Structures are given as C-alpha cells and as structure tokens.
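Data first, discussion second: the structure below is written as structure tokens.
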Amino acid sequence: MVRFRLQVVNDIIRTTVSDIKDMRIRGAGRIARAGATALVGFADGYAGRDLEQFRKDLRVAAGTILSSRPTAVSLWNGVHYSMRGVDSAETFEAARDLVVDNGKEFCVNSEQAVAKIAKIGAKRIKDGDVLMTHCNSSVAIGVIAEAVRQGKDIKVFATESRPWRQGILTVNDLSKAGVDTTLIIDSAVRSVMSRVDRVFVGADTITSSGSLINKIGTSQVAMAASEARAEVNVCSETYKFSPKTMFGDVVTIEERDISEVVKPGEIPEDVAVFNPVFDTTPAKYIDNIITEIGIMAPGAVYGVMAKMFGESIFDLE
Ligand code: RI2
C-alpha cells in the first residue's frame with residue numbers, strides 16, 4: 001500500500017515535468033500553476049509521516065519540477081510560493097497542509113491576476129485600434145478579448161511564432177473571442193508595423209531593470225514598434241517578476257532541440273542549428289507593464305519587487 005502511494009506521488013511529479021518539457025503544458029502562467037498543482041498532489045498523497053524526510057523529498061520534487069524549463073520565473077515563483085513556511089513548520093501535518101494550501105492559493109491568485117489584467121489592459125485599447133501580438137500569451141489574449149467584449153472595434157495582427165507556431169493557437173483563440181484577426185509570418189512584422197497602434201505581448205520573466213524575457217522574436221517586434229512609434233504593452237502577472245535578478249542572476253535562455261527547426265536530412269550535417277526560444281527586450285523599448293496591481297513603467301519594477309518579496313529575497317536559493 002505504501003509503495004503504491006509513493007508511486008502515485010512520483011507519477012504526479014513525473015507526468016507534470018514531461019508535460020512541461022514536451023510543451024503539452026505551456027505558457028508561463030500555465031506552467032507555474034501546473035508546478036504548484038503538482039506539489040499539492042505530492043504533499044497530499046505523501047505516504048510517510050516524518051517531517052525532516054518530507055522536507056527533503058519536497059525539495060527533490062521541487063528541484064525536479066524546476067528542471068523542466070529554465071526561463072520562465074513564474075514556475076520558480078509558483079514552486080517557492082507553494083513551499084512557503086515549510087522550513088518553520090513544527091509537525092509533518094502542518095508542513096503538508098501548508099504546501100496544499102499555498103499551492104491552491106497560488107493557482108487561485110494566478111487566475112484572478114489574469115482576469116484583473118484583462119480589465120486593466122482593455123482600458124488601454126481604443127475603438128478603431130490596430131494591434132499586434134506575438135506567440136501565444138493567455139494574458140495578452142485576455143486583454144484583447146476583453147476590449148472586444150466591451151464593444152471596441154479592433155483589428156489584430158498575430159505572428160506565426162516559429163518554430164513552435166504558437167501563433168496558430170493565438171489566431172484560434174482570438175477568432176473564438178470574435179476578434180478581427182490576421183495571421184502574419186514573423187518576417188512580416190516590420191513591414192506591417194506601420195499600420196499598428198499598439199503591441200500587446202505576454203512575459204516569461206521580467207528583470208529588476210524592467211527588461212522583458214519572452215518568446216524569441218519579441219525584441220524584434222518591440223524594436224520595430226519603437227521605430228514605427230507604436231506603443232509596446234507587456235501583460236505580466238507580478239509572479240513573472242524575478243527577484244533573483246536583483247542580485248545579479250542572469251536569466252537562462254532555453255535552447256530547444258534542432259528538430260523543432262529542421263527535418264532530418266534537410267540540411268548538410270556540417271551546418272549547425274541554433275534554436276534559442278526566448279530573447280530579451282530592453283526596458284527602453286517597453287512603454288507599459290500591465291500587472292494585476294496596476295500599470296507601471298519598466299523603471300518601477302525594482303521598487304515593486306523589493307516591496308513584494310521583502311526580507312525573503314535575501315535567502316533566495
Ligand atoms: P502566458 C510563452 O512561452 C510565450 O513566451 C508567452 O508570451 C509566455 O509564455 C506567457 O504566456 P512558451 O511556453 O502566461 O510558449 O501569458 O514557450 O499565457
């Protein structure tokens with residue numbers, strides 16, 4: 001019986017990790033909620049009763065989840081939020097209940113943040129606006145869909161977002177929400193930008209200097225927007241702020257397999273393929289960061305981070 005329960009617990013972590021690695025679960029917010037939910041399942045189904053052993057096993061489970069994808073800090077924040085207070089819990093039951101409650105609370109807060117950003121961000125969109133979005137951000141799509149729900153007449157250009165082509169998901173999402181949507185290939189961004197009023201993208205990580213790490217190509221979109229005087233809006237829950245960057249940590253940019261870019265035998269063997277899947281958009285190309293606690297300029301991020309993470313930022317692992 002005990003062995004069976006342990007197997008079930010391990011399966012929860014293993015399945016979540018492989019779903020995130022293989023992008024069956026993707027998007028910075030979704031992977032954070034999946035990580036927190038996996039820890040809830042882990043704690044809830046934990047077969048032992050020894051507090052120290054539970055802490056050790058929990059750290060291993062957390063590390064395994066964090067190894068699934070390196071770039072989106074939302075996953076790191078979701079996992080660490082779920083483990084809050086465990087080190088000072090006095091009994092196994094108290095520690096287990098903390099993980100269950102924290103993990104569930106993180107997911108509820110996350111969903112509420114996405115809904116709040118939709119309401120706040122929609123106010124930035126004017127009737128008649130032409131917008132552009134890149135990749136597939138549930139938060140940016142939420143903002144655009146809310147503006148349309150409010151009766152604003154807008155048009156959206158959505159990029160294909162090679163190599164995973166998340167833009168196909170985006171145009172389906174936008175079409176379902178009744179948005180006038182046009183799909184473009186990534187190379188068309190600069191050419192189309194002259195018709196665009198505002199860009200709305202999501203975030204994987206925001207650094208303490210207000211830079212954005214998001215899907216590869218986001219920086220090109222932002223630079224083209226800057227040249228064309230289109231406004232750049234980043235839709236980001238505050239759990240996509242990285243407290244570690246305050247102390248010099250550099251965000252790891254994930255590189256994925258070359259099979260996502262070329263088919264076997266398609267190019268000579270002596271040709272290398274480089275497949276980074278995120279890039280950095282410097283703060284100077286960003287007009288607004290739209291969060292659940294309000295709209296801010298990139299320069300305000302440091303202060304918000306210091307307030308949000310408080311004393312806990314000094315013992316970051
Ligand atoms: P939401 C995605 O990464 C994209 O970069 C997107 O902009 C970001 O996560 C945020 O997504 P991937 O998982 O949380 O497709 O806004 O590599 O849904």
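Quick caveat: nothing in here was measured; it's all calculated off a predicted structure.
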Under the side-chain contact (heavy atoms from CB on, under 4.5 Å) criterion, do Val277 and Lys215 qualify, and how do the steps go?
CA-CA 6 Å; Val277 298; Lys215 183 55 53 193; 4.1 Å; yes
Using atom types as modelled and distance alone, determine if a side-chain donor or acceptor of Thr133 lies under 3.5 Å from a backbone N or O of Phe200.
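Checking the backbone N and O of Phe200 against the side chain of Thr133, a donor-acceptor pair under 3.5 Å is found.
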Starting at [atom1] of [X], measure out to [atom2] of [Y] and round the result to the nearest 0.5 Å.
X      : Y      : atom1 : atom2 : value
Met308 : Thr238 : CE    : OG1   : 4.0 Å
Ser88  : Leu98  : OG    : CG    : 7.5 Å
Ile206 : Thr291 : CD1   : OG1   : 9.5 Å
Asp186 : Ile216 : CG    : CD1   : 10.0 Å

Please evaluate residues Met246 and Met305 with respect to the criterion side-chain contact (heavy atoms from CB on, under 4.5 Å), reporting the C-alpha separation (whole Å), side-chain torsions for both, the decisive distance (0.1 Å), and the verdict.
CA-CA 8 Å; Met246 297 174 94; Met305 264 187 204; 3.7 Å; yes
Measure across [X] and [Y] and return the closest heavy-atom pair with its distance rounded to 0.1 Å.
X     : Y      : result
Val40 : Gly103 : CG2-CA, 3.6 Å
Ser68 : Leu75  : OG-CD2, 3.6 Å
Arg33 : Cys107 : O-SG, 3.7 Å

Does atom [atom1] of [X] have more than 12 heavy-atom neighbours, drawn from other residues, nucleotides or ligands, at distances under 6.0 Å?
X      : atom1 : answer
Glu266 : CD    : yes
Met296 : CE    : yes
Arg229 : CZ    : no
Gln220 : CD    : no
Phe92  : CZ    : yes
Lys152 : NZ    : yes

Can you tell me if [X] and [Y] form a side-chain donor-acceptor pair at under 3.5 Å?
X      : Y      : answer
Glu105 : Asn109 : no
Tyr285 : Ser219 : no
Asn136 : Thr170 : yes

Sequence neighbours excluded, every pair satisfying salt bridge (charged side-chain N to carboxylate O under 4.0 Å, His left out) that has a member inside residues 162-173:
Glu160-Arg165
What ring-ring contact (aromatic ring centres under 6.0 Å, His included) pairs are there with at least one residue in residues 138-183, not counting sequence neighbours?
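Matches after skipping sequence neighbours: none remain.
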Evaluation steps, salt bridge (Lys or Arg N to Asp or Glu O under 4.0 Å), between Arg55 and Glu52
CA-CA 5 Å; Arg55 284 192 183 121; Glu52 277 319 309; 2.4 Å; yes
Would you say the rings of Tyr46 and Phe54 are close, in the sense that their centroids are separated by under 6.0 Å?
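Yes, ring centres under 6.0 Å apart.
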Identified salt bridge (charged side-chain N to carboxylate O under 4.0 Å, His left out) counterpart of Asp19 within the set Arg30, Arg24, Arg14
Arg24
Taking Glu146 first and then Arg149, would you say they form a salt bridge - that is, a charged N and a carboxylate O separated by under 4.0 Å?
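Salt bridge flag = yes for Arg149 with Glu146.
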Which hydrophobic side chains are connected to Ile267, either touching it within the sub-4.5 Å cutoff or through other members that do?
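Direct or chained contacts put Ile267 with Ile258, Val261, Val262, Val271, Val273.
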Does the side-chain contact (heavy atoms from CB on, under 4.5 Å) test come out yes or no for His80 and Phe309, once each step is laid out?
CA-CA 11 Å; His80 281 79; Phe309 294 98; over 6 Å; no
